[in-house]
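Read through the structure below, which is laid out as structure tokens, and then see the notes.
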Amino acid sequence: MDIKRIGVVGAGQMGNGITHVLALAGYDVLLNDINAEALDAALVRIEKNIERQVSKGAVSADEKKAALSRISTTVELTELGPTDLVIEAATEREDIKHQIFATLLPHLAEHTILTSNTSSISITRLAAATDRPERFMGFHFMNPVPLMQLVELIRGIATDQPTYDACLGVVERLNKTAASAEDFPAFIVNRILMPMINEAVYTLYEGVGSVSSIDQSLKLGANHPMGPLELADFIGLDTCLAIMNVLHDGLADTKYRPCPLLTKYVEAGWLGRKVKRGFYDYRGDVPVPTR
Ligand SMILES: NC(=O)c1ccc[n+]([C@@H]2O[C@H](COP(=O)([O-])OP(=O)(O)OC[C@H]3O[C@@H](n4cnc5c(N)ncnc54)[C@H](O)[C@@H]3O)[C@@H](O)[C@H]2O)c1
């Protein structure tokens with residue numbers, strides 16, 4: 001199947017990165033968000049990020065201009081109906097995702113493939129609530145999308161081969177690498193990564209180390225490019241908590257219980273970098289640990 005026009009739902013950190021790479025690869029992208037300000041902010045961010053690639057010589061000024069001209073935005077979700085592929089990248093909440101697909105369904109072209117960038121929610125369950133479980137799958141980009149090489153492709157139980165092949169074709173055109181994951185809670189990357197982040201929060205909660213000592217230990221002691229708490233702030237603490245809840249509920253094992261301190265940060269609205277405060281405070285020139 002020839003994919004030309006792609007709809008992206010959600011213009012947050014993932015939606016803007018996904019739009020950026022799709023437009024540079026030559027796809028026409030229609031980006032949607034319920035929040036008009038998020039759409040404006042995404043366009044500013046995309047322009048700035050592509051400009052950074054231009055200044056490094058990775059992208060030409062003409063390619064930048066062409067990419068930006070391929071992006072349009074809308075607050076009307078139903079306008080995504082005629083696209084060939086929809087990538088849903090809205091907030092990590094199953095009720096929100098169901099609502100988005102339910103609103104889209106009556107307006108979708110027959111051939112449109114539906115995908116979700118969810119980090120953890122069951123693809124089979126999301127698919128089952130649509131009219132096209134065979135043309136539905138998980139399309140999981142990593143953050144930051146322009147820099148990260150991997151895309152996890154997750155088949156629901158009913159996903160057919162042409163749908164998988166069409167999504168694989170998009171990944172290849174982006175010059176990224178696909179990993180196939182089965183549809184179990186949090187798939188591969190987050191099944192392994194998120195319990196590590198949650199354990200780092202427990203280590204902080206129990207007073208074994210401070211924010212700085214925990215991050216420094218994993219950077220210098222395990223050769224991780226970022227410490228786990230720094231990474232949690234980067235991902236978004238609400239997203240981390242949502243993924244831990246999916247692991248806990250879906251695998252029914254107490255080893256996945258979210259750390260109460262992670263819950264507390266989310267309750268405080270300290271969601272990480274996107275709101276300038278999480279395990280670090282980003283409001284000044286240098287990030288300052290909050291514990
Ligand atoms: N943050 C990460 O590192 C990461 C990595 C891979 C995948 N993901 C997944 O990507 C998705 C988005 O995460 P994010 O980090 O970009 O979140 P974010 O909070 O930065 O952005 C979410 C966006 O969705 C919008 N939104 C909410 N409800 C909507 C609706 N009904 N219709 C349209 N837009 C709506 C919000 O206004 C917001 O702009 C989640 O499913 C998350 O699990 C996140």
Side-chain angles (χ1 to χ4, degrees), residues 7-21 30-46 49 73-81 86-105 107 114-123 125-126 137-154 176 179 181 185-194 196-197 226 228-247 250 266 269-276 278:
V8 176
V9 184
Q13 22 181 22
M14 294 307 290
N16 87 60
I18 294 167
T19 301
H20 168 154
V21 297
L30 182 52
L31 175 62
N32 159 264
D33 202 290
I34 35 164
N35 178 355
E37 283 170 21
L39 289 171
D40 294 342
L43 288 178
V44 171
R45 170 64 57 93
I46 292 168
N49 288 344
T73 61
T74 177
V75 286
E76 293 300 331
L77 180 61
T78 54
E79 287 181 19
L80 273 58
V86 171
I87 302 177
E88 174 279 314
T91 309
E92 185 74 345
R93 270 181 40 196
E94 189 161 344
D95 57 335
I96 290 180
K97 295 184 189 291
H98 276 302
Q99 184 58 48
I100 287 169
F101 292 124
T103 307
L104 259 176
L105 283 184
H107 304 273
L114 287 180
T115 66
S116 174
N117 183 51
T118 176
S119 303
S120 60
I121 298 168
S122 166
I123 297 302
R125 202 163 59 233
L126 289 175
M137 59 183 281
F139 205 131
H140 183 219
F141 288 87
M142 309 292 133
N143 187 19
V145 180
L147 300 183
M148 298 295 277
Q149 187 58 29
L150 188 77
V151 179
E152 270 182 303
L153 290 181
I154 305 114
K176 293 194 183 288
F187 322 125
I188 296 174
V189 173
N190 284 312
R191 170 79 178 260
I192 298 167
L193 178 65
M194 224 27 91
M196 186 200 70
I197 286 177
M226 286 173 102
L229 299 173
E230 200 185 348
L231 180 57
D233 274 358
F234 188 70
I235 293 168
L237 302 192
D238 52 341
T239 299
C240 293
L241 179 60
I243 297 170
M244 284 313 298
N245 279 325
V246 168
L247 282 167
V266 173
W270 293 12
L271 306 182
R273 264 179 189 271
K274 61 186 169 188
V275 298
K276 297 196 183 307

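Start at 1 and go down the list; that is how both ligands and their atoms are numbered.
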Can you see which heavy atom on [X] is nearest to which on [Y], and at what distance?
X	Y	result
N16	N49	OD1-ND2, 4.5 Å
A89	I18	CB-CD1, 4.1 Å
A11	D33	N-OD2, 2.7 Å

Side chain to side chain donor-acceptor pair (under 3.5 Å) partner of D95, chosen from R93, K97, Q99:
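Output: one option passes, namely R93.
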Test side chain to side chain donor-acceptor pair (under 3.5 Å) applied to S120 and E94, E92, H140, R191, the passing residue:
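By the side chain to side chain donor-acceptor pair (under 3.5 Å) criterion, S120 pairs with just one of E94, E92, H140, R191: E92.
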Using the side chain to side chain contact (heavy atoms under 4.5 Å, CB included) rule, take L231 and L193 through it: C-alpha gap first, then chi angles, then the decisive distance, then the call.
CA-CA 10 Å; L231 180 57; L193 178 65; 3.7 Å; yes
Measuring only between side-chain heavy atoms, which start at C-beta, is I121 closer than 4.5 Å to S116?
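Heavy-atom side-chain distance check fails, nothing below 4.5 Å.
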Check whether any side-chain heavy atom of I154 sits under 4.5 Å from a side-chain heavy atom of T118, and report yes or no.
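Side chain of I154 against side chain of T118, heavy atoms only: no contact under 4.5 Å found.
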Quick one: does ligand 1 sit under 4.0 Å from the side chain of [X], the backbone, both or neither, non-hydrogen atoms only?
X	value
F234	neither
K274	side chain
L77	neither

Going by the order shown, which atoms of ligand 1 are within less than 4.0 Å of some heavy atom of [X]?
X	value
A38	39 (O)
I96	28 (N), 31 (N)
K97	40 (C), 41 (O)
N143	1 (N), 2 (C), 3 (O)
T239	43 (O)

Can you tell me how far CG of L150 sits from CD1 of I188, rounded to the nearest 0.5 angstrom?
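Separation between the atoms: 8.0 Å.
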Polar atom proximity, [X] to ligand 1 (N or O, under 3.5 Å):
X	value
N35	no
I100	no
Q13	yes
D238	no
E92	yes

Give the single entry among [options] that approaches [atom] most closely by any heavy atom.
atom	options	value
atom 36 (C) of ligand 1	L31, V9, D33, L80	D33
atom 29 (C) of ligand 1	V75, T118, I34, N32	I34
atom 11 (C) of ligand 1	A90, S116, G10	A90
atom 44 (C) of ligand 1	E94, M14, H140	M14

To the nearest 0.1 Å, how far is [atom] from its closest protein heavy atom, and which atom is that?
atom	answer
atom 6 (C) of ligand 1	F141 O, 3.1 Å
atom 27 (C) of ligand 1	T91 OG1, 3.2 Å
atom 43 (O) of ligand 1	S119 OG, 2.7 Å
atom 10 (O) of ligand 1	N117 ND2, 2.9 Å
atom 1 (N) of ligand 1	I235 O, 2.9 Å
atom 21 (O) of ligand 1	G12 CA, 3.2 Å

Below 4.0 Å from any atom of ligand 1, is there a heavy atom belonging to R93?
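No; R93 lies far enough from ligand 1 that no heavy-atom distance drops under 4.0 Å.
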Is A89 in contact with ligand 1, taking contact as a heavy-atom separation below 4.0 Å?
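Yes; A89 lies near enough to ligand 1 that a heavy-atom distance drops under 4.0 Å.
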Could you check whether atom CD of E37 has more than 12 heavy atoms from other residues, nucleotides or ligands sitting under 6.0 Å from it?
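Open.
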Is it the case that more than 12 heavy atoms not belonging to K276 sit under 6.0 Å from its NZ atom?
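12 or below, so no.
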Side chain to side chain contact (heavy atoms under 4.5 Å, CB included) for V75 and I34? Distances and angles first, verdict last.
CA-CA 5 Å; V75 286; I34 35 164; over 6 Å; no
Quick one: does E152's side chain have a donor or acceptor within less than 3.5 Å of a partner on V189's backbone?
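Yes: the side chain of E152 pairs with the backbone of V189.
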Please assess M137 against L153 for the test side chain to side chain contact (heavy atoms under 4.5 Å, CB included), listing each intermediate value before the final yes or no.
CA-CA 7 Å; M137 59 183 281; L153 290 181; 3.8 Å; yes
Identified side chain to side chain contact (heavy atoms under 4.5 Å, CB included) partner of V9 from the options N117, I87, L80
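With V9 as partner, N117, I87, L80 yield a single side chain to side chain contact (heavy atoms under 4.5 Å, CB included), made by L80.
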